[in-house]
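Structure first, then comments.
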Amino acid sequence: MDIDARTLRTFREVTLTGSFTQAARRLGYSQSSVTAQMRALERQVGEPVFERLPSGVRLTRTGIVLCDYARQILTLVGELEVTLRRPAANPPRMTVGIVPALAYGQQLARLTHIGRRLLSGVQLALRVMGTGEIHDAFRAGTIDGALVLTVADADDPSGATGIAAEQPRAERPDDLTETRLQDVEFVPVTGGSRLGGTSVGRQVVIADPDCPSQRWLPEFLRLRSDVPPEIHELGSMAGVRAAAQSGLGCAMLPMALASSPNEATGLRPLPGVPRMRWNACMISARTDDRPALDWENLAETLRQATALACLVPRLDTECTAPAAPAASGAPSAAVTPVTSVAPVTPVAPAAPVVAANPRLAG
């Protein structure tokens, strides 16, 4: 038996009106068309479904059974049509892990605003997690992508502009794909006061012990003084900034966070330590079956948000390059001197920025 929805709708109208003529009028068909449909229906059922009367028609016992099923089928068809016409109640979801060094308040807001525009029809969910937790989350399947920091290549000519040319992709040994998005500049800062007489550089505040931007400063200070600094791990850049402002220790902050006139009050450059840059990269699984366009739009969302964070007035910086001692076989802290600069417009370079030494931050 193969009865289409059109025939069932005609059958229902006939049962409601009790007349082929009235059903034809309500449906906009000719009476002959309605009569032909009902005859074809009876042939498929194998029995009469209507009893013809002088004043119209009425259902037979078989017609009553068919009428009940027709009502249920047409109800489901109607629900299907409504569902297909309206936006999906549960749009596709992309969960993205973000390391704390790139997850301070303004950045999360930027990512959300840009994601709504570029990832149309996709629900973007942001999760702040440590660099070490990113890999565990990929293995557990709880995130689809991640925004992380990796070591910048000092020999890469694109580092001068801070923009990754054509978003190069690289296969990693852990079955993940890395897409470089944007170089991010970090600045070493300390508070204007010192608590308990602690000398500058003896205490370091970090957000993520596995992030190269947070590992670099403690290692640099250790190489310079041969004494490892005391490290305080706070888990968020907002906490790190507040701790540095209070004088608890020095820190490596994103330039956007360290230069904010509303949020960076009380911070000053850390003497003798250069500003550095690291790569902001999107990490994704190689075997993900999402449309390629979704990944392209996600990469562009992350790139635009990160690039906007770099267009901020520079922090006044007065630093000199240290003659960092390097023991035999120890990683070198070779840097380029950073001279004193005055505040500049967001698009102008403030001073040379040193790429992270891979042996230190890798």
Practice task
Output yes when a side-chain donor or acceptor of Arg180 lies under 3.5 Å from a complementary backbone atom of Cys281, and no otherwise.
Solution key: no
Exercise for the section: Answer yes or no: is there a donor N or O on one side and an acceptor on the other, between the side chain of Thr35 and the main chain of Gln31, under 3.5 Å? Expected result: yes
Practice task
May I have the step-by-step check of salt bridge (charged side-chain N to carboxylate O under 4.0 Å, His left out) for Arg58 and Glu51, ending in yes or no?
Solution key: CA-CA 5 Å; Arg58 67 182 178 189; Glu51 180 181 353; 3.0 Å; yes
Problem - Side chain to side chain, Val49 and Met38, heavy atoms closer than 4.5 Å - result: no
Handout entry: Interatomic spacing from CG in Leu66 to OG1 in Thr15 - rounded to 0.5 Å
Key = 9.0 Å
Exercise for the section: Give the intermediate values and the outcome of side-chain contact (heavy atoms from CB on, under 4.5 Å) for residues Val187 and Leu270. Expected result: CA-CA 8 Å; Val187 60; Leu270 182 62; over 6 Å; no
Problem - Backbone of Gly130 reached by a side-chain donor or acceptor of Glu133 within 3.5 Å - result: yes
Fill in the blank from the handout: Taking every heavy atom of Val151 against every heavy atom of Pro212, the minimum-distance pair comes out as CG2-CB, 4.4 Å
Practice task
Output yes when a side-chain donor or acceptor of Gln214 lies under 3.5 Å from a complementary backbone atom of Ala207, and no otherwise.
Solution key: yes
Practice task
Ignoring hydrogens and angles, tell me if any N or O in the side chain of Thr60 forms a donor-acceptor pair with the backbone of Pro48 under 3.5 Å.
Solution key: yes
Problem - Salt-bridge contact Glu42-Arg39 (side-chain N to carboxylate O under 4.0 Å) - result: no
Handout entry: Sub-4.5 Å side-chain heavy-atom contact between Leu126 and Thr112
Key = yes
Handout entry: Side chain to side chain, Ile98 and Leu302, heavy atoms closer than 4.5 Å
Key = no
Handout entry: Sequence-distant partners of Pro229, side chain to side chain contact (heavy atoms under 4.5 Å, CB included), two or more places apart
Key = Val204, Pro218, Leu221, Arg222
Handout entry: For Ile114 against Ala305, the heavy-atom pair lying closest together
Key = CD1-N, 3.6 Å
Practice task
Indicate yes or no for a side-chain donor-acceptor contact from Asp144 to the backbone of Thr95 under 3.5 Å, with no hydrogens or angles considered.
Solution key: yes
Practice task
Return the set of residues passing side chain to side chain contact (heavy atoms under 4.5 Å, CB included) with Arg61 (not counting sequence neighbours), or none when no residue passes.
Solution key: none
Handout entry: Rounded distance [0.5 Å steps], CG in Leu147 versus OG1 in Thr306
Key = 5.0 Å
Exercise for the section: Using the side-chain contact (heavy atoms from CB on, under 4.5 Å) rule, take Thr142 and Asp136 through it: C-alpha gap first, then chi angles, then the decisive distance, then the call. Expected result: CA-CA 9 Å; Thr142 56; Asp136 294 337; over 6 Å; no
Handout entry: Side chain proximity check, Met252 to Ser213, heavy atoms < 4.5 angstrom
Key = no
Exercise for the section: Just grab all the ring pair (Phe, Tyr, Trp, His ring centres under 6.0 Å) pairs involving residues 229-251, residues at least two apart or on different chains. Expected result: none
Exercise for the section: Mind jotting down which residue pairs meet the ring pair (Phe, Tyr, Trp, His ring centres under 6.0 Å) criterion with at least one end in residues 108-129? Sequence neighbours excluded, please. Expected result: none
Handout entry: Set of residues satisfying ring pair (Phe, Tyr, Trp, His ring centres under 6.0 Å) with respect to Phe50, sequence neighbours excluded
Key = Phe11, Phe20
Problem - Gly239 versus Leu234, closest heavy-atom pair with distance - result: O-CD1, 3.2 Å
Problem - Note, Val240 side chain near Tyr104 side chain (heavy atom, < 4.5 Å) - result: no
Handout entry: Backbone N/O of Thr131 and side chain of Asp208: donor-acceptor pair under 3.5 Å
Key = yes
Practice task
Identify the heavy atoms of Leu253 and Ala258 that sit nearest to each other, and give their distance.
Solution key: CB-CB, 4.0 Å
Problem - Test item: Ser33 side-chain N/O and Ser30 main-chain N/O as donor-acceptor pair under 3.5 Å - result: no
Handout entry: Closest non-hydrogen atom pair, Leu74 against Ala5
Key = CD2-O, 4.0 Å
Practice task
Show your working on side-chain hydrogen bond (donor to acceptor under 3.5 Å, both in side chains) between Arg116 and Gln123 and close with a plain yes or no.
Solution key: CA-CA 8 Å; Arg116 290 182 62 188; Gln123 181 182 357; over 6 Å; no
Fill in the blank from the handout: Minimal heavy-atom distance between Pro254 and Phe186, with the atoms involved, is N-CD2, 3.4 Å
Practice task
Using atom types as modelled and distance alone, determine if a side-chain donor or acceptor of Arg268 lies under 3.5 Å from a backbone N or O of Gly191.
Solution key: yes
Handout entry: Side chain proximity check, Cys250 to Val189, heavy atoms < 4.5 angstrom
Key = no
Completion exercise
Applying side chain to side chain contact (heavy atoms under 4.5 Å, CB included) to Ala23 and not counting sequence neighbours gives Glu13, Val14, Thr17
